[in-house]
Visitor: 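One structure, as C-alpha cells, below. Some questions next.
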Amino acid sequence: MSPSEVIAAPEGQRETFVLNLGPQHPATHGVLRLKLTMDGEFIVRAEPVCGYIHRMHEKMAENRSYAQFLPNTSRIDYLSAMTYTHAFVGAVERAAKLEVPPRAEFIRVITSELNRISSHLVWLGAYLLDLGGFTPLLYAFDDREKILDLLEGVTGARLTYCYYRFGGVCNDVDEAFTRGTKEFVAYMRPRLDMYRALVTDNIILRKRLVGIAPISAETCRKYGATGPVIRGSGVAYDVRRREPYSAYPLFDFEVPNFPEGDCMARYLVRMEEMAQSLRIIEQAVDRLPEGPVMATAVPRVLKLPAGDVAYAVEAARGRFMVHIVSDNKEIPYRVKLRTPSLSNLSLFEEASQGLVLPDAVALLGSLDLVIPDIDR
Amino acid sequence: MDDLFAGDLIYICAFGLGGLGFALGPFVVVHLLAARRTRQSANKTGQFIECGMEPIGDAWIRYSAVYYLYALVFVAFAVDVLYLIPVALVYNREFGIRDFVELVIFVGILSLVIVYAWKKGVFEWKRKSSAPKS
Amino acid sequence: MNPDSPQAHEESAAASAGQPGGNGASGPSVLVGPPALDQHTPLLALLEQGLASEQGGSSVEAPALAGKAVDFASRGYHVEMTVAPERVVLAAQLMDSSGFALDTITGVDWLAEGQMELLYDYFHPESPTRVLVRCRVPRAAPEAPTISAVFPGANWHERETHEFLGIRFQGHPNLTPFLLPEDADYHPLRKDYAA
Amino acid sequence: MEAQVECSQIVKFAVLDELLALGRANSLWPLTFGLACCAIEMMAAGASRFDLSRFGAEVFRPSPRQADVMIVAGTINKKMAEAVKTLYDQMLEPKWVIAMGNCAISGGPFVFPGQYAVVEGVDKLFPVDVVIPGCPPRPEALIEGILKLEEKLTGKRRWPRVPPQ
C-alpha cells in the first residue's frame, strides 16, 4: 500500500463532481455537451446531451417537394455531403423506378469517394488536434484543398454540393476533372505513406491510442454503431458490400477491419479506407463510360407511389439510411434520416466508463462525430 | 548613523518599493486604462467559464490525493531552482571544477525526489479512490 | 389510400440474381443485385414461427404477425412484418437473437386515420437482409413498450420519437426530450402542430 | 439588451488610442465557436492555404476571457441561445462579433413558417459588428470580413479593395 493510496478519502465521503464538457469546447467538434460525473480524473458516468444544433431537417422535409429538399441533404453531414445527397436521390429513384445512366453512376462513385477522403482528412486533422499535435492539421487541410478544387470545378461548391439530381447528376464531368483526379490519386498515395511514417508510427500517438477504450463487436451491434466504429471492432460491415448500390459492385476494393476495437483500430481503419477510396477512384476514372449524365424520362412533378422506401449508403461516418413514407403526393409524408453519428455516439456512455478524461477525449475523437448529423 | 549604513538602508527600501511597485503597479494601470464594464446580454460576466453552461454543483470538494502529490513534486523543484539563481550570479567569476561538482551534487540530491515519487506511483495516476470501478 | 399493405407481389422472381437489382443501373456489365427473394423465406418462417409460438393459445388477432417478403428493388427492405404494439418487444428479441441490429425507429402520424405508426428498421452486420417491423398505435393515447432493454441503442431513438410525436414508451428509463429543450412540451412533427 | 452602457476606460489619450486600435486590429484573437458547416470553412481559413495568420487572427482561443472577436459560424438554435449569451457576456471589452454565414445573419435556410428551433439571426441576442453572407461563405469571405473589422477599428483599410470585375 503506497502512502498515496492511504490518503484517499474513506468510503462514505467520496465525492464526485459534475463537469460540463459543454457545447463550446474544442474537443467536441461542434455543439455536443457531455455531462461528465467525475471522480478526480476518472469518469464515473458520461451523459451526452444533444440538441444544441437541432435544425429541423425532418420537419422541413414534410413541407417541401423532393427537389426542394436536396440542398438540405448536404447540410446534415456537411463533411460527406455527396453521400447524403446520394442516399436521398437513391431513395426517390428506387421508389419512382428511375433509370440512372451508367456514366452518372460512375461520376457519383468518383465524387462520393473524393468526398470520403476529404472527410477523413478533416477527421485526421481535428483528431490529432485533440491529442495535442497541431501540425498534421495543416498537412491534412492542404491535401483536402486539392480535393475541394476538383469538386468545386464540377459542382461549384466547396462543402455543400447539391450535385446529384433524381436520375443522374446536374452537369457533366469535363476532361480537366478526370485528369485532375488522376493527378490527385498519384499525388495522394505517397502522402498517405508520409502520414503513416510521421503520424501513425509516432510513439506518442501509439501510447495515446493503443488499448484505449476497446469496444466489442457485440456492443457495436447492440447500439447500431456502423462505419469505421464497427469495422474497428472486427466486423467488416460496409453498406457498399452488404447492400450494393450504384456502381459499387463493379469495383474491387477491400473493407479494412481491425479486431482490437480500440482507438488505434478505428484510426487505422480510416487511414486504410483512404487508400481503398483512392483505388476505387482510379478504377472508376479509368472505366468512365461515355453517354448521357441525366435520365431522360424524369417527370417534372415527382410523385412517389404510396408506401415506404428505404435507401442506405456508406457515408464517411457509417451507414446513412433515408426512409421515406409517401402518400402519392409531390410532398413526402414523412422522411426519416438515420444518421451514423447518433448511433456511434450512443455507445459513448458505456465505452467511456472509468476512463481518464484525456482518454475519453481520444475516444470521442475516434468516433469521428459531426454534431448536426446527430441533432438533424 | 554613518553613511554606509544609510546607503544600505536606502538600497533595501528602494528594492522593497520596486518589488511592491511591480506587484501593485498592474492593478493601478489596469484600473485606469482597462474598460470599466463589458456589454451584457444576460449579465453572466461573473459566471465561471464552463463551456457556456451553468456550472453544476460546487468545486470545493475532497479531491484525490494525486493532485496534491503532483503539486508537491513541482514545489520541490521550484525551491531547487530558487537556490540556483544566486549561484548563477557568481558562477562565472573564476571557474573551478569544484563549483561544478558542488552544483551537480546539489541538483542530484534534489532530483532524488523524482525517483522517490516515480517509485511511489505518483506519475501513473493510479486510481486512488473507491468510486465504482468500470 | 391506406398505405398499410403495399401490393408486394408474393414470391415472384422479380429480383432474381441474374437481373440487375439495386435501382436498375444498367451498367456496362450486369450489376449483381442483392440476393433473390427466396433467400429470406427461411428467415420469414423463423420469425413467424417464433411469434406464433410466443403468442400461445389466443390466435384471434391473426394479423398481429402478418409478415411478408417484399421486393427489395422497389422498397429497400426484404421482409416486412406488421406487429401489434405489445408484440414489439418480442419482435425485437427475435431480431436480437438472430443477430440483427436496430437501424432506427420512425414515428409516422397518420392524422387522417387517427392512428400513429412506429416503423422499426433492422439491418444485419453479416447478411444483406433488411427487416421492417410496423406497429400501429391509436393517435389519442399513443403507447408502445420500450425495446431499450433489448437494444440499448433504441434509448435515444425512442426519446426522439416521444418528443417529436408524443408516443409514450412504457418502461423507458429516461423519457425526457432529447433534441428539444428540456422543458419542451410541444410535439413538432405532429401533423396538427401549429408553431 | 440593455442600453449602450458606458464601458470605455477612465483615462483616454488621443494619439495613443489610434496606436491601440492599430494594435488590436492586427491581433484579433477569435473565439473557437464553430457551430456547423461554417466552422469547417473557418478551419480551412485558419489552415495552410488561406492562412488567417497573415492578418494576426490565427490564434483561436477556446476561453472567452482571452478572445477578442466571437466569430459566430453556424446556426444558433433556441437551446443554444442561452449558452451563446453567456459566452458573449464572459468576453471582456473590447470585444466584437462577426456573424459568419446566413444562419448567423438571419437563420438562413432554416427559416420557414412553423419553424420552432432556430434563432433567426444572432443580432437578436447581441450587437453584431461584421456580417459575412454565404452558405457557407468561402474562406476568402471570412478574411474579407476580418479586414472589414480592422477597417472599422482603425478607420483605414490596410489592403487595397479588389474592384468586382
Side-chain angles (χ1 to χ4, degrees), chain A residues 50-51 54 56 58-59 62 90-91 93-95 97-102 105-106 217 220-226 230 235 237 239 242-247 249-250 287 289 305-312 319 321 323 325-328 333-334 336-338 342-343 345-347 350 375-376, chain C residues 1-3 5-6 21-29 31-34 72-77 80 96 99-110 117 119 121 123-128 130 132 134 150-157 160 164 177-182 188-189 191 193:
Chain A
C50 310
H54 171 55
M56 310 167 285
E58 289 173 4
K59 175 78 177 172
E62 283 178 13
E93 281 159 7
R94 173 170 281 173
K97 295 206 171 13
L98 289 173
E99 277 291 318
V100 181
E105 285 297 357
F106 274 65
C220 285
R221 186 182 70 79
K222 283 282 186 184
Y223 283 93
T226 54
I230 199 168
V235 179
Y237 174 75
V239 181
R242 245 349 139 258
E243 298 168 38
Y245 60 96
S246 176
L250 300 177
R287 296 186 297 181
D308 296 44
V309 69
Y311 195 95
R319 172 188 168 82
M321 195 266 293
H323 188 122
V325 176
S326 84
D327 57 352
N328 213 338
Y333 196 79
R334 170 82 160 102
K336 176 69 186 179
L337 309 166
R338 188 267 183 204
L342 183 97
S343 306
L345 180 67
S346 56
L347 58 82
E350 185 183 314
D375 297 348
R376 288 181 308 277
Chain C
M1 36 81 199
N2 173 355
S5 61
N23 44 32
S26 57
S29 71
L31 300 186
V32 53
F72 183 85
S74 68
R75 283 284 171 239
Y77 45 89
E80 175 190 325
D96 184 27
F100 277 83
L102 178 72
D103 212 359
T104 185
I105 299 176
T106 315
V108 186
D109 173 16
W110 297 107
E117 187 172 27
L119 306 171
D121 275 290
F123 70 95
H124 197 288
E126 264 84 32
S127 95
R130 282 270 289 109
L132 173 69
R134 287 176 183 284
V150 181
F151 286 107
N155 188 318
W156 283 4
H157 291 297
E160 189 192 331
F164 280 149
F178 176 57
L179 296 179
L180 297 178
E182 280 78 16
L189 279 188
K191 288 298 176 183
Y193 168 76

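A, B, ... follow the sequence lines: proteins, then strands. Residue 1 opens every chain. As the structure is a prediction and not an experimental result, all values here were calculated from the model.
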Visitor: So, do C:L119 and A:V325 sit near enough that their side-chain heavy atoms are less than 4.5 Å apart?
Guide: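 Side chain of C:L119 against side chain of A:V325, heavy atoms only: contact under 4.5 Å found.
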Visitor: Top residue by heavy-atom pair count (under 4.5 Å) with chain C, among A:K222, A:E58, A:R376?
Guide: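 Winner by heavy-atom pair count: A:K222.
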Visitor: For residues C:L179 and A:D375, report the shortest heavy-atom separation together with the two atoms involved.
Guide: CD1-O, 3.3 Å
Visitor: Within the side chain of A:R338, is there an N or O that forms a donor-acceptor pair under 3.5 Å with the backbone of C:D103?
Guide: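 Yes, because the side chain of A:R338 sits within donor-acceptor range (under 3.5 Å) of the backbone of C:D103.
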Visitor: Chain A: which of C:P188, C:P177, C:P181, C:G76 shares the most heavy-atom pairs with it under 4.5 Å?
Guide: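 Most pairs with chain A among the choices: C:G76.
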Visitor: Flag the pair C:F123 / A:R242 as yes when at least one side-chain heavy-atom distance between them is below 4.5 Å, and no otherwise.
Guide: no
Visitor: Can you name the closest pair of heavy atoms from C:P128 and A:E243 and give their distance?
Guide: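 Heavy atoms of C:P128 and A:E243 come nearest at O-CG, 4.3 Å.
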Visitor: Please answer whether the main-chain N or O of C:F100 pairs with a side-chain N or O of A:R221 as donor and acceptor at a distance below 3.5 Å.
Guide: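 Judged by distance alone, yes, a pair lies under 3.5 Å.
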Visitor: Between C:A154, C:P152, C:S127, C:G107, which shows the greatest number of heavy-atom pairs under 4.5 Å with chain A?
Guide: C:P152
Visitor: For the interface with chain A, which of C:T106, C:I105, C:V150 has the highest count of heavy-atom pairs at distances below 4.5 Å?
Guide: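 Heavy-atom pair counts peak at C:T106.
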Visitor: So which of C:N155, C:D109, C:L180 has the biggest tally of heavy-atom pairs under 4.5 Å with chain A?
Guide: C:D109
Visitor: Which one, A:R319, A:H54, A:H323, leads in non-hydrogen pairs under 4.5 Å with chain C?
Guide: A:R319
Visitor: Using a strict cut-off of less than 4.0 Å between a Lys/Arg side-chain nitrogen and an Asp/Glu carboxylate oxygen, indicate whether C:E117 and A:R334 qualify as a salt bridge.
Guide: no
Visitor: Go through the atoms of C:E126 and report whether side chain, backbone, both or neither lie under 4.5 Å from a heavy atom of chain A.
Guide: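 Interface part for C:E126: both.
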Visitor: Could you look at A:K97 and say if it's the side chain, the backbone, both or neither that has a heavy atom under 4.5 Å from chain C?
Guide: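 When you check distances to chain C, only side chain atoms of A:K97 fall under 4.5 Å.
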Visitor: For the backbone of C:H124 and the side chain of A:Y237, can you confirm whether one donor and one acceptor N or O come within less than 3.5 Å of each other?
Guide: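 Judged by distance alone, no pair lies under 3.5 Å.
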Visitor: Keeping A:R94 on the side-chain end and C:R75 on the backbone end, is there a donor-acceptor pair under 3.5 Å?
Guide: no
Visitor: Is there a side-chain contact between C:Y77 and A:D308 in this structure, where contact means two heavy atoms from C-beta onward sitting under 4.5 Å apart?
Guide: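 Yes; the side chains approach each other to less than 4.5 Å.
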Visitor: Can you tell me how far the CH2 atom of C:W156 sits from the CG atom of A:L345, to the nearest 0.5 Å?
Guide: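 Reported value, rounded in 0.5 Å steps: 3.5 Å.
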Visitor: For A:K336, is there an ion pair with C:D121 - N to carboxylate O distance below 4.0 angstrom?
Guide: no
Visitor: Under a 4.5 Å cut-off applied to non-hydrogen side-chain atoms, are C:S74 and A:V309 in contact?
Guide: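 With C-beta onward as the side chain, the pair stays apart.
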